[in-house]
**Q** 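Let me begin by handing over the structure; questions about it come next.
Sequence positions, counted from 1, serve as the residue numbers for this chain.
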Amino acid sequence: MTESLVLASTSPQRRAILEQLRISFEVVAPDFDEVRGTTPLERAAGKARSVDGGEVPVLGVDTEVLFGGELLGKPANATEAESMLEALSGRTHEVSSGVCLRTEGWEELHTETTLVTFRTLTPRDLAHYLAAEEWEGRAGAYAIQGLGASLVERIDGDFLNVVGLPGALLVRLLAARFPGAYGFG
């Protein structure tokens with residue numbers, strides 16, 4: 001029997017990852033206001049705690065992009081996106097996610113970090129990517145699961161973490177807490 005979980009997120013990327021992993025889920029928008037200066041783990045826990053899953057585990061996730069200790073949020077416009085991408089060109093940055101998996105009786109809190117190295121980008125590379133407008137609404141101004149993959153030279157860690165949900169970590173947690181119930185463990 002396949003179990004279900006509650007995803008405390010409206011992110012289409014997180015839904016797509018759960019579908020890819022064939023994990024049954026329902027989406028419940030979290031009732032949580034993100035506070036500036038908090039960590040992805042704190043935000044993931046806040047999201048998960050704001051949703052009542054009843055008997056079903058609740059999953060909260062939050063992801064951020066860090067470069068040189070600076071948080072790279074979602075660019076406000078193409079100029080800001082270009083500036084972010086130029087800064088990342090030929091360099092390595094971190095994508096860090098906080099994960100909270102919880103029920104009424106227990107809570108698991110974990111952080112996953114993936115290192116992403118961009119190739120050196122030419123002005124043509126930047127213009128091509130910016131024109132595609134894929135940067136809109138994306139932390140760090142790129143989407144690795146789309147055309148943004150053309151910007152990346154290498155990653156060290158979980159690819160799905162860069163998309164928005166560390167799949168390997170989630171599979172390990174489900175296998176440990178619910179052996180066989182989700183098809184893992």
**Q** Between Tyr182 and Val171, is there a shared hydrophobic cluster once you connect ILVMFWY residues whose side-chain heavy atoms come closer than 4.5 Å?
**A**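 Yes.
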**Q** Judged by atom type as modelled, is there a donor-acceptor pair below 3.5 Å linking the side chain of Arg43 to the main-chain atoms of Thr38?
**A**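 Looks like yes, one N/O pair under 3.5 Å.
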**Q** Supply the atom-to-atom distance His93 NE2 to Tyr142 OH, rounded to the nearest 0.5 angstrom.
**A**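 Interatomic distance, His93 NE2 to Tyr142 OH, rounded to 0.5 Å: 2.5 Å.
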**Q** Apply side-chain contact (heavy atoms from CB on, under 4.5 Å) to residues Leu151 and Leu88 and explain how you reach the verdict.
**A** CA-CA 9 Å; Leu151 310 175; Leu88 297 174; over 6 Å; no
**Q** Using 30° and 60° as the class boundaries, would you call the ring planes of Trp106 and Phe178 parallel, tilted or perpendicular?
**A**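 Trp106 and Phe178: tilted rings.
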**Q** Any chain of hydrophobic side-chain contacts (each under 4.5 Å) joining Phe184 to Leu7?
**A**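 Same hydrophobic cluster.
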**Q** As an exercise, state the distance from SG of Cys100 to CG of Leu59, rounded to the nearest 0.5 Å.
**A**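 If we round to the nearest 0.5 Å, Cys100:SG and Leu59:CG are 8.0 Å apart.
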**Q** Looking only at non-hydrogen atoms, find the nearest pair between Val58 and Val51 and report the distance.
**A**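 Closest approach of Val58 to Val51, heavy atoms only: CG2-O, 3.9 Å.
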**Q** Does the pair Thr103 and Arg177 meet the rule for a side-chain contact (heavy atoms from CB on, under 4.5 Å), with working shown?
**A** CA-CA 11 Å; Thr103 65; Arg177 285 285 180 174; over 6 Å; no
**Q** To the nearest 0.5 Å, what is the distance between CG (Asp52) and CG (Asp31)?
**A**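 One finds 12.5 Å between CG of Asp52 and CG of Asp31.
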**Q** Same hydrophobic cluster for Leu169 and Ile144, using side-chain heavy-atom links shorter than 4.5 Å among ILVMFWY?
**A**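 In one cluster: yes.
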**Q** With sequence neighbours left out, write down each residue that passes side-chain hydrogen bond (donor to acceptor under 3.5 Å, both in side chains) with Arg15, or none if nothing qualifies.
**A**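 Applying side-chain hydrogen bond (donor to acceptor under 3.5 Å, both in side chains) to Arg15 gives none.
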**Q** Which heavy atom in Pro40 sits nearest to a heavy atom in Gly98, and how many Å separate them?
**A**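 Where Pro40 meets Gly98 most closely, the heavy atoms are CB-N, 3.5 Å.
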**Q** For Ser97 and Asn161, which heavy atoms make the closest approach, and how far apart are they?
**A**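 Smallest heavy-atom distance, with atoms named: OG-OD1, 2.5 Å.
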**Q** Mind checking whether Leu66 and Leu71 have side chains closer than 4.5 Å, heavy atoms only?
**A**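 With C-beta onward as the side chain, the pair touches.
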**Q** Any donor-acceptor pair under 3.5 Å linking the side chain of Glu134 with the backbone of Leu147?
**A**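 Answer holds: yes.
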**Q** Apply side-chain contact (heavy atoms from CB on, under 4.5 Å) to residues Leu130 and Trp135 and explain how you reach the verdict.
**A** CA-CA 7 Å; Leu130 292 168; Trp135 56 268; 3.9 Å; yes
**Q** With the threshold set at 4.0 Å, does a side-chain nitrogen-carboxylate oxygen contact exist between Arg119 and Glu153?
**A**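 Not counted as a salt bridge, because no side-chain N and carboxylate O are separated by less than 4.0 Å.
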**Q** Go through Glu108 and His110 one step at a time and tell me if the side chain to side chain donor-acceptor pair (under 3.5 Å) criterion holds.
**A** CA-CA 7 Å; Glu108 293 259 5; His110 298 272; 2.7 Å; yes
**Q** How far apart are the closest heavy atoms of Gly60 and Ala44, and which atoms are they?
**A**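 Closest approach of Gly60 to Ala44, heavy atoms only: O-CB, 3.5 Å.
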**Q** Between Gln13 and Ser11, is any side-chain donor less than 3.5 angstrom from a side-chain acceptor?
**A**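 A donor-acceptor contact under 3.5 Å links the two side chains.
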**Q** With no hydrogens and no angle check, is any side-chain donor or acceptor of Lys47 less than 3.5 Å from a backbone partner on Phe32?
**A**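 No, the answer is negative, given that no donor and acceptor are paired below the 3.5 Å cut-off.
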**Q** Identify the heavy atoms of Thr113 and Ser96 that sit nearest to each other, and give their distance.
**A**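 Taking Thr113 first and Ser96 second, the nearest heavy atoms are OG1-OG, 3.4 Å.
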**Q** In Å, rounded to the nearest 0.5 Å, how long is the span from CG of Leu170 to CG of Leu160?
**A**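 Interatomic distance, Leu170 CG to Leu160 CG, rounded to 0.5 Å: 10.0 Å.
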**Q** Check for a donor-acceptor pair, side chain of Tyr129 on one end and backbone N or O of Arg124 on the other, with a separation under 3.5 Å.
**A**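 The answer is no, because no donor-acceptor pair under 3.5 Å joins these two groups.
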**Q** Decide whether Leu109 and Leu5 are clustered together by the hydrophobic rule: side chain heavy atoms of Ile, Leu, Val, Met, Phe, Trp, Tyr closer than 4.5 Å, transitively.
**A**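 No, Leu109 and Leu5 fall in different hydrophobic clusters.
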**Q** Between Leu126 and Val152, is there a shared hydrophobic cluster once you connect ILVMFWY residues whose side-chain heavy atoms come closer than 4.5 Å?
**A**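 Yes; Val152 is reachable from Leu126 via cluster members.
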**Q** Provide the closest heavy-atom pair for Ala81 versus Pro75 in the form atom of the first, atom of the second, distance.
**A**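 Looking at all heavy atoms of both residues, the shortest contact is N-CB, 3.6 Å.
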**Q** Is it the case that over 12 heavy atoms from other parts of the model lie below 6.0 angstrom from the CG atom of Asn77?
**A**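 Yes, the 6.0 Å shell around CG holds more than 12 heavy atoms from other groups.
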**Q** When rounded to the nearest 0.5 angstrom, what distance separates CD in Glu42 from CZ in Arg49?
**A**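 It comes to 9.5 Å.
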**Q** Check step by step if side-chain contact (heavy atoms from CB on, under 4.5 Å) holds for Thr92 and Asp156.
**A** CA-CA 10 Å; Thr92 300; Asp156 181 14; over 6 Å; no
**Q** First locate atom CG of Asp158, then atom CD1 of Ile17, and finally report the distance between them rounded to the nearest 0.5 Å.
**A**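 Atom-to-atom, Asp158:CG and Ile17:CD1 are 8.0 Å apart.
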